[in-house]
There are 2 protein chains.
Amino acid sequence: MSKQLKEHIGKFTNIKENDLVQILKYFKNVSYGKKENLMVEGQICKYHFFVLKGCLRKFYINDHGVEQTTEFAIENWWITDHMAFERQRKTDFYIQAVEKTDLLMIDFKSQENLLNEYPQMERYFRFIYQRGFAALQMHLKHFSNFSKEEIYHMFAKVQPEFVKRVPQYLLASFLGFTPEYLSEIRAKKRS
Amino acid sequence: MSKQLKEHIGKFTNIKENDLVQILKYFKNVSYGKKENLMVEGQICKYHFFVLKGCLRKFYINDHGVEQTTEFAIENWWITDHMAFERQRKTDFYIQAVEKTDLLMIDFKSQENLLNEYPQMERYFRFIYQRGFAALQMHLKHFSNFSKEEIYHMFAKVQPEFVKRVPQYLLASFLGFTPEYLSEIRAKKRS
DNA sequence: CGGATCGTTGATCAACTTCAACGGTCGTGG
DNA sequence: CCACGACCGTTGAAGTTGATCAACGATCCG
């Protein structure tokens, strides 16, 4: 079942099959149903998650009591509250399944042991973070450069499956505006 | 002169002194004067920079022809256009010295060689990216949670030296609003 | 000393939010 | 398998936030 992570690691490193089999033992395979929480505000952020199949979202509750989505994770994405994970602190975030989701999880201690036992994995995680970082920087650039209307259209163009897959109010929350306004933008386009 | 990078690497790894001396040879030591460009739009993004002393900023020219600052780097920070650096593509960004700045630079090929020769450096860069990524995520969270006025006050509280160090119009550009509005916010507070 | 750059102020304007109300649809229990 | 309630998307009116434009004063640097 986790050929998937093996393949993903294989893309960035040339770790041997034998080692990969051992590496997989550090992970726990679990499933969550729609709207189930994997992580909630106030808990120590214990785990790092890798999505095998499905979709997760990370959000926090803002000052007006509204859920603000900051990140989605679909197949082959890693997700956690990195700040809290690295320091093993309490998190401000929730991570929730948008649909039924199968995933691998690893706790902080195990991840550290894994990196010590298999230092080649440093390279793998270096890539994961490097890409995540680069992607976020692009994201931030777009946010500052374009109006919310443009952001929606660009996103819809680049990630059409995504727009179909997640409910509209979550998309609005992720893109940083109200469901009403998103609805208006879509109406404008149709006419 | 580059005890500084050695110490920084030492914080995250336990690479031996001998190796560190060799590692430093991969870097070139240079200085730039105020307003000099280290990188300009349209060039291949060749280098990764480490600030020893001074201050750099990364910006792009937006659709209205206005410079939009997306990142500052001060002592012990790494900076580049990661997306373009990783793929050795053309960049959309400028990197410019805000004040006279001493730094170390490494080109992509050398960084790859360095990582191959000294795989322990994977760990170092894994940490650099991990922290950068986590910091950006926090930044993004703040941006979505607070009004621009609140963002300014929070930033001024957390990074007071910064507010004094960079001119106001750059700060406004970084925080994502107009110099006029920043001026208004400051006036409000004074009264 | 003089010009260019930077910060300030005020008026007007556009983008986006908030609030309230309504209709459709999805899924759950009877 | 139907009915009901909860949830979701839509619409429109009114209200805010922050941008834009123009003009002026201060300051920095050659």
Side-chain angles (χ1 to χ4, degrees), chain A residues 33-37 55 57 59 61-69 72 94 96-100 140 142-156 162-191, chain B residues 33-37 55 57 59-69 72 94 96-100 142-156 162-191:
Chain A
K34 186 172 177 174
K35 302 232 172 181
E36 262 193 279
N37 286 325
C55 179
R57 73 181 178 112
F59 65 92
I61 311 282
N62 72 14
D63 293 353
H64 306 292
V66 176
E67 293 181 2
Q68 177 72 39
T69 301
F72 286 107
Y94 296 76
Q96 192 178 83
V98 174
E99 48 193 69
K100 179 181 179 307
L140 209 59
H142 289 149
F143 263 64
S144 62
N145 199 9
F146 300 107
S147 73
K148 305 216 163 180
E149 188 170 347
E150 288 171 319
I151 288 171
Y152 169 71
H153 288 133
M154 286 175 44
F155 188 80
F162 224 92
V163 173
K164 281 168 219 148
R165 190 159 171 183
V166 307
Q168 213 165 301
Y169 71 101
L170 286 186
L171 188 60
S173 163
F174 174 60
L175 294 177
F177 39 83
T178 58
E180 292 94 327
Y181 190 57
L182 176 53
S183 183
E184 198 182 318
I185 291 171
R186 287 163 53 88
K188 215 184 281 182
K189 185 130 195 205
R190 273 198 305 279
S191 64
Chain B
K34 187 171 177 175
K35 302 232 171 179
E36 264 193 277
N37 286 325
C55 180
R57 71 181 180 113
F59 66 93
Y60 66 95
I61 311 282
N62 73 13
D63 291 355
H64 306 293
V66 176
E67 292 181 3
Q68 178 72 38
T69 301
F72 287 105
Y94 295 77
Q96 192 179 83
V98 174
E99 48 192 69
K100 179 181 180 310
H142 289 148
F143 263 64
S144 63
N145 199 10
F146 301 106
S147 73
K148 305 218 161 180
E149 188 170 347
E150 288 170 319
I151 287 171
Y152 169 72
H153 288 133
M154 286 176 45
F155 187 80
F162 224 92
V163 174
K164 281 169 220 149
R165 189 160 171 182
V166 306
Q168 214 166 299
Y169 72 101
L170 286 185
L171 188 60
S173 163
F174 174 61
L175 294 176
F177 38 84
T178 58
E180 292 95 326
Y181 189 57
L182 177 54
S183 183
E184 196 182 321
I185 292 170
R186 287 163 53 88
K188 215 185 280 182
K189 186 132 195 207
R190 273 199 305 279
S191 65

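So that the names make sense, note that chain A is the first sequence line, chain B the second, and so on, each numbered from 1. Hydrogens, waters and symmetry mates are skipped; everything else that's a heavy atom, side chains included, is used.
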Seminar exercise, completed: Assign each of B/Y181 and A/P167 the nucleotide of DNA chain D bearing its closest heavy atom; nearer the 5' end lies the nucleotide of A/P167
Value in whole Å for how far the [atom2] atom of [N] lies from [atom1] of [X]:
X	N	atom1	atom2	value
A/K35	C/dG27	NZ	C1'	12 Å
A/L170	D/dG9	CG	C1'	13 Å
A/E184	D/dG9	CD	C1'	13 Å
A/Y152	C/dT17	OH	C1'	19 Å
A/F146	C/dA14	CZ	P	22 Å
A/Y169	D/dT10	OH	P	14 Å
A/L175	C/dA15	CG	C1'	16 Å
A/F177	C/dT18	CZ	P	14 Å

Exercise. About how many Å separate CG of B/L175 and CG of B/L170, when rounded to the nearest 0.5 Å?
Worked result: 11.0 Å
Closest listed nucleotide, where the reference is the side chain of [X] and the choices are [options]:
X	options	result
A/E180	D/dC21, D/dA19, D/dT10	D/dT10
B/A187	C/dT9, D/dT11, C/dC16	C/dT9
A/S147	D/dT20, D/dC8, C/dC16	C/dC16
B/S183	C/dT9, D/dC8, D/dA19	C/dT9

Is it the case that the side chain of [X] and the backbone of [Y] share a donor-acceptor pair, with hydrogens and angles ignored and the cut-off at 3.5 Å?
X	Y	answer
A/K34	A/A97	no
A/Q68	A/F174	no
B/S173	B/T69	yes

Exercise. Would you call A/E36 and A/K100 a salt bridge, using N to O less than 4.0 angstrom?
Worked result: no
Exercise. Hey, what's the ring geometry for A/F177 with A/Y181, parallel, tilted or perpendicular (30° and 60° as the breaks)?
Worked result: perpendicular
Kindly give the atom pairs (protein nitrogen or oxygen, nucleotide nitrogen or oxygen) under 3.5 Å for nucleotides 23-30 of chain D.
none

For this session: For D/dG18, take OP1 and OP2 only and decide whether either is under 4.0 Å from a side-chain N or O of B/T178.
Result: no
Problem set entry | Six-ring centre of A/F59, A/R57 cation under 6.0 angstrom, axis tolerance 45° | yes
